[in-house]
Amino acid sequence: MSRLTSLSDAARLINDGDHVALSGFSIARNAMALAHELVRRDVRGLTISACILGLEADLLVGAGCVGRVIYGGGSLDRFGQLGRVNEAVERGRIEVEYMSSLAVTFRYLAGSLGLPYIPIRSLLASDLVAPLVAAGVAREDRDPFGGEQVVLLRALEPDAAILHAQVADADGNTRVLGPRWDNDEAVAAAKRVIVLAEEVVEPIEIRRSPELTLVPAFRVTALVHVPFGAHPTAVYRRYDYDAEHLALYADATRSQRTFDEYLARYVRGTDHAGYLAAIGGAAKLATLTADPGLGY
Amino acid sequence: MSRLTSLSDAARLINDGDHVALSGFSIARNAMALAHELVRRDVRGLTISACILGLEADLLVGAGCVGRVIYGGGSLDRFGQLGRVNEAVERGRIEVEYMSSLAVTFRYLAGSLGLPYIPIRSLLASDLVAPLVAAGVAREDRDPFGGEQVVLLRALEPDAAILHAQVADADGNTRVLGPRWDNDEAVAAAKRVIVLAEEVVEPIEIRRSPELTLVPAFRVTALVHVPFGAHPTAVYRRYDYDAEHLALYADATRSQRTFDEYLARYVRGTDHAGYLAAIGGAAKLATLTADPGLGY
Amino acid sequence: MTTTIESFTTSELMVVAGARELRDGELAFVGLGIPQLAAALAQRTHAPRLVVLNEIGLADPHPVAFGVGNADPRHWYGASFMGSFNDVMGKLLHRGLVDVGFLGALEVDAHGNANATQVPRVTGGIRRFGGGGGANDIASLARSTILIVRHERRKLVERLTHLTNPGFLDGPGARERGGLRGGGPRRVLTDKCVFGVDESTARLVVHSIHPGVTADDLREATGFALDVPKHVATTEPPSAEEIRLIREVIDPERRYTKSL
Amino acid sequence: MTTTIESFTTSELMVVAGARELRDGELAFVGLGIPQLAAALAQRTHAPRLVVLNEIGLADPHPVAFGVGNADPRHWYGASFMGSFNDVMGKLLHRGLVDVGFLGALEVDAHGNANATQVPRVTGGIRRFGGGGGANDIASLARSTILIVRHERRKLVERLTHLTNPGFLDGPGARERGGLRGGGPRRVLTDKCVFGVDESTARLVVHSIHPGVTADDLREATGFALDVPKHVATTEPPSAEEIRLIREVIDPERRYTKSL
């Protein structure tokens with residue numbers, strides 16, 4: 001059964017107020033094409049989560065789609081900071097559940113296994129734990145067997161997880177190459193899973209190396225075939241990040257005014273094809289193609 | 001740094017009384033060559049564990065190497081029962097921690113993550129839970145956030161894990177093909193890891209597809225290159241199980257007398273080369289070679 | 001319309017009856033033998049999107065040969081996903097996503113509780129078997145289970161030797177009170193009948209009797225109190241097409257369906 | 001014997017000083033920039049078996065080019081293992097197997113506690129940064145940490161704006177009482193000196209002063225009370241070979257080592 005659909009239909013699976021686990025880690029494998037579509041649809045009140053936020057998170061926050069963020073950190077690496085996320089936090093414009101990245105991942109892990117909670121040994125004795133206890137998502141406790149100090153973390157079960165992947169078959173069986181950060185747990189914890197794939201292959205391809213399947217088809221709600229759907233972030237073994245565009249975005253996100261100009265120029269009133277044309281089209285994309293040996 | 005060593009040196013890493021997590025699942029990927037070596041060395045008082053015990057467990061119990069078993073089940077599939085394990089349990093000759101296979105796996109998972117314990121939602125209201133509570137490895141509790149009933153399971157941290165794998169490089173980076181049952185968690189939870197590999201490849205091979213690495217070299221204590229080291233059990237994509245020898249073993253394990261005859265004939269006073277000769281040598285092994293398309 | 005045929009074995013009837021209990025699109029654990037054949041038949045008839053899971057760590061295999069158990073690579077062929085026990089039993093079953101487990105048992109009681117651990121020896125003492133493995137997890141957490149057991153007094157018992165896999169425990173509401181999230185048994189399939197569950201009592205009741213079996217046969221072979229309603233359906237016999245699929249495609253070697 | 005050379009930048013000295021703190025065979029997390037270059041230098045000198053971990057989910061990369069951060073595939077090249085954040089931060093760090101984390105910070109206090117979250121704005125309010133990510137996990141759980149911070153009063157502070165990454169908290173024994181399993185800071189590396197830790201007070205003490213820096217310079221640039229011992233070692237300058245490796249092999253584009 002094919003789960004292939006369009007970006008706009010996939011975006012309709014995300015409702016105002018949903019908790020959405022994001023795909024990217026800083027400047028790698030962000031599901032930009034779907035984030036753009038959510039901005040175009042003016043989705044509101046999202047809770048977004050990731051162990052490390054990337055460009056897609058900054059875009060969603062800057063566009064006003066987000067009411068709450070659950071995270072451990074995030075940046076554009078040396079290109080700069082997540083200006084919209086940081087400003088929204090500074091000004092108290094969004095609710096924040098800020099913890100260590102392992103705490104976010106453990107909370108996904110608990111959700112992925114249907115555990116109501118999970119213990120962790122970090123966070124202890126830091127300024128991170130009190131706000132989490134106050135928010136009712138953590139509590140300090142002792143291991144009932146050995147008496148060791150732990151922090152109990154409440155499971156995360158996102159309404160939807162978004163995953164940008166290199167390869168999938170039409171049924172939805174999805175393969176991710178390279179490191180996967182918190183994708184395994186976030187996707188398995190989510191109620192709905194939206195996959196953006198750079199390439200759609202025949203099912204036999206997947207079934208030849210099923211050890212590489214990260215998400216089995218029956219866990220995928222919708223699959224969208226979106227070449228360069230992660231631009232300007234990197235997709236290992238497919239294309240490198242677009243340093244020029246990342247620098248441009250890092251400048252734009254310093255202020256809401258310049259960010260809004262960025263949205264108007266690259267995101268609003270167009271579609272993914274229009275976006276790719278605006279950032280330089282085929283000529284620009286050709287310069288990003290990954291070297292098969294290096295992976296970037 | 002090469003971690004390659006001999007079977008006998010690897011076997012010396014297992015001490016009397018150690019808790020050893022086993023490699024096999026029923027008739028698949030049992031680390032027979034190492035089990036044989038442990039029998040030859042007359043190791044005593046082992047605690048063995050696995051979500052599903054296989055032939056290697058029956059051999060160790062029958063040879064008197066085992067004082068305690070932690071498991072969810074085990075058999076030779078349709079070839080028969082684990083006669084030595086079942087008889088030892090029936091007669092109370094070994095201690096037993098019997099639980100569901102997911103409980104064993106969750107206990108490994110907790111150990112692999114350095115968690116002192118982990119909650120589970122099965123076991124509840126069954127005859128499995130009381131003996132575990134009495135043994136101090138489980139307790140019934142409620143989720144402190146939502147009040148749901150759970151059983152808390154104490155983490156397992158085996159002194160050693162044994163893993164039979166298809167491929168490794170000399171450093172110890174190890175790749176397993178096909179399903180991995182509880183190997184991921186058992187190996188990551190263990191203090192020492194002994195890998196038996198059917199094939200040793202160049203490091204570049206491993207680093208070309210690092211997504212397939214199950215155990216990074218620095219987690220491996222010793223690596224042994226042992227072609228047909230899992231015979232008569234199956235190694236996916238390498239060789240099929242030896243139905244003839246499994247049937248022979250299933251008969252032998254029905255009684256201690258016939259089992260002891262089996263040990264005398266195939267295991268004691270010889271080595272892995274001698275064992276392979278005794279079961280039919282190259283001619284027999286050639287008949288087991290897996291079809292590359294089918295994997296068996 | 002389907003044509004039924006006269007000559008079929010009881011095990012063929014059980015395969016067909018089992019297949020009819022499996023629904024399209026379900027995620028299912030199926031035990032070795034008849035449950036596995038039932039899933040294969042269902043996939044080739046009314047349930048092409050039935051997904052079979054193997055606790056060893058894989059999903060959606062398409063075997064071209066039947067083997068000796070979960071650990072037989074013949075049952076892994078064509079899988080879309082190969083990972084760990086935890087990927088299947090943790091991230092799918094414990095996560096609450098598995099629809100049905102089709103499981104064998106050593107003993108089953110009137111509330112659908114099952115023993116997969118040990119039975120008494122006539123000579124005294126116990127006889128230990130392979131153990132439940134993941135069966136307790138499936139019985140506790142799957143949205144429903146289908147049990148399969150040979151219909152004998154010593155197997156359909158008033159009192160279990162060991163409650164390994166919880167059914168409805170001691171009656172209505174007991175699973176919920178015990179904290180079990182799964183739905184419990186929806187059918188118990190034997191070589192004499194198909195049991196359903198009476199919701200008001202949470203006890204097994206006869207859903208259909210296999211052709212040629214009488215109410216007396218049932219009572220005689222059942223170890224717990226059983227009233228067989230006067231008007232009870234007969235288990236629908238296999239269609240010619242179902243028999244053809246079983247004999248030519250699914251179990252050509254007649255390994256599980258020659259006789260009971 | 002090694003020949004030392006006269007002309008080197010402070011960042012080159014810091015790379016060398018950092019490299020010397022890393023031991024052969026250690027499992028290490030190293031931050032972007034100087035820590036990463038220090039690890040690369042250590043691997044090419046006294047610590048060929050130093051294993052670098054990347055929290056993004058990989059181990060033992062052998063980059064042939066330096067990139068912009070953990071998420072840059074340039075830092076993934078040649079890895080022996082690629083998996084998940086949990087494989088590295090859970091199964092290695094939380095499991096208690098990681099030897100050292102070499103981390104930057106916005107602020108560090110006298111007990112080696114660090115802030116990776118936010119600082120006050122001169123205009124009032126706070127300035128939020130990227131956040132600690134896995135730094136709290138590393139500071140809590142690694143067997144030891146090495147901190148790197150620019151040596152300024154506003155960064156080496158009496159009181160942290162936010163205690164993101166625990167050091168020795170408020171003194172000896174506080175980590176143990178707090179339930180922290182890791183060992184805490186073993187060094188703090190700045191552009192003016194190398195701090196060690198006084199076990200009796202769990203406070204930072206000057207281990208060595210960089211060439212050309214005076215005790216007054218240190219006190220002047222340090223926001224917490226600091227007594228500099230009369231006889232304190234000078235940080236050993238880079239050898240000619242270390243400089244050659246940095247300039248020709250490790251940072252040929254001089255991206256991190258041109259100046260401070």
Side-chain angles (χ1 to χ4, degrees), chain A residues 102 105-107 109-122 132-133 135-157 165-167 175-180 183-185 204 207-214 236-237 292-295, chain B residues 102 105-107 109-122 132-133 135-157 165-167 175-180 183-185 204 207-214 236-237 292-295:
Chain A
L102 187 60
T105 306
F106 271 12
R107 294 183 67 192
L109 176 63
S112 76
L113 297 173
L115 306 178
Y117 69 97
I118 190 167
I120 192 169
R121 298 183 190 272
S122 45
L132 297 171
V133 171
V137 300
R139 52 189 293 163
E140 298 199 47
D141 196 7
R142 287 191 176 263
D143 150 29
F145 296 100
E148 291 164 6
Q149 288 161 271
V150 291
V151 175
L152 305 185
L153 298 168
R154 195 165 202 162
L156 285 176
E157 282 189 30
Q166 287 91 343
V167 175
R175 178 183 295 177
V176 169
L177 300 173
R180 301 185 304 268
N183 290 161
D184 305 32
E185 292 78 19
I204 183 67
R207 290 172 193 264
R208 245 188 230 124
S209 300
E211 297 92 344
L212 291 172
T213 302
L214 177 60
Y236 183 59
R237 296 193 191 173
L294 295 170
Chain B
L102 187 59
T105 305
F106 270 13
R107 293 183 68 191
L109 176 63
S112 76
L113 297 174
L115 306 178
Y117 70 97
I118 190 166
I120 192 169
R121 298 182 190 272
S122 45
L132 298 172
V133 171
V137 299
R139 52 189 293 163
E140 299 199 48
D141 197 5
R142 287 191 176 264
D143 150 28
F145 297 100
E148 291 164 5
Q149 288 161 270
V150 291
V151 175
L152 305 186
L153 298 168
R154 198 166 198 160
L156 286 175
E157 282 189 30
Q166 287 91 343
V167 176
R175 178 183 295 177
V176 169
L177 300 173
R180 302 185 303 268
N183 290 161
D184 305 33
E185 293 78 19
I204 184 67
R207 290 172 194 265
R208 243 186 232 124
S209 300
E211 298 91 345
L212 292 172
T213 302
L214 177 60
Y236 183 59
R237 294 192 191 175
L294 295 170

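Per chain, numbering begins at 1; letters A, B, ... match sequence-line order.
Heavy atoms of B:Val150 lying under 4.5 Å from chain A belong exclusively to its side chain. Residue B:Leu177 touches chain A through both its backbone and its side chain, counting heavy-atom pairs closer than 4.5 Å. With a threshold of 4.5 angstrom between heavy atoms, B:Leu153 approaches chain A through N, CA, C or O but not through any side-chain atom. Residue B:Leu115 touches chain A through both its backbone and its side chain, counting heavy-atom pairs closer than 4.5 Å. Both the backbone and the side chain of B:Arg154 have a heavy atom closer than 4.5 Å to some heavy atom of chain A.
With respect to the salt-bridge test (charged N to carboxylate O, under 4.0 angstrom), the residues A:Arg175 and B:Glu211 do not qualify.
Nearest heavy-atom pair across B:Pro116 and A:Arg121 is CD-NH2, 3.3 Å. Residues B:Arg237 and A:Pro210 share a closest heavy-atom pair of NH2-CD, 3.9 Å. A pairwise comparison of heavy atoms in B:Leu152 and A:Phe145 identifies O-CZ, 3.6 Å as the closest pair.
B:Tyr117 has its side chain within reach of A:Pro144: a pair of non-hydrogen atoms, C-beta onward, lies under 4.5 Å apart.
The salt bridge (charged side-chain N to carboxylate O under 4.0 Å, His left out) analysis of residues 111-120 of chain B, with sequence neighbours excluded, yields no pairs. Judged as a salt bridge (charged side-chain N to carboxylate O under 4.0 Å, His left out), not a single pair has a partner in residues 135-145 of chain A (not counting sequence neighbours).
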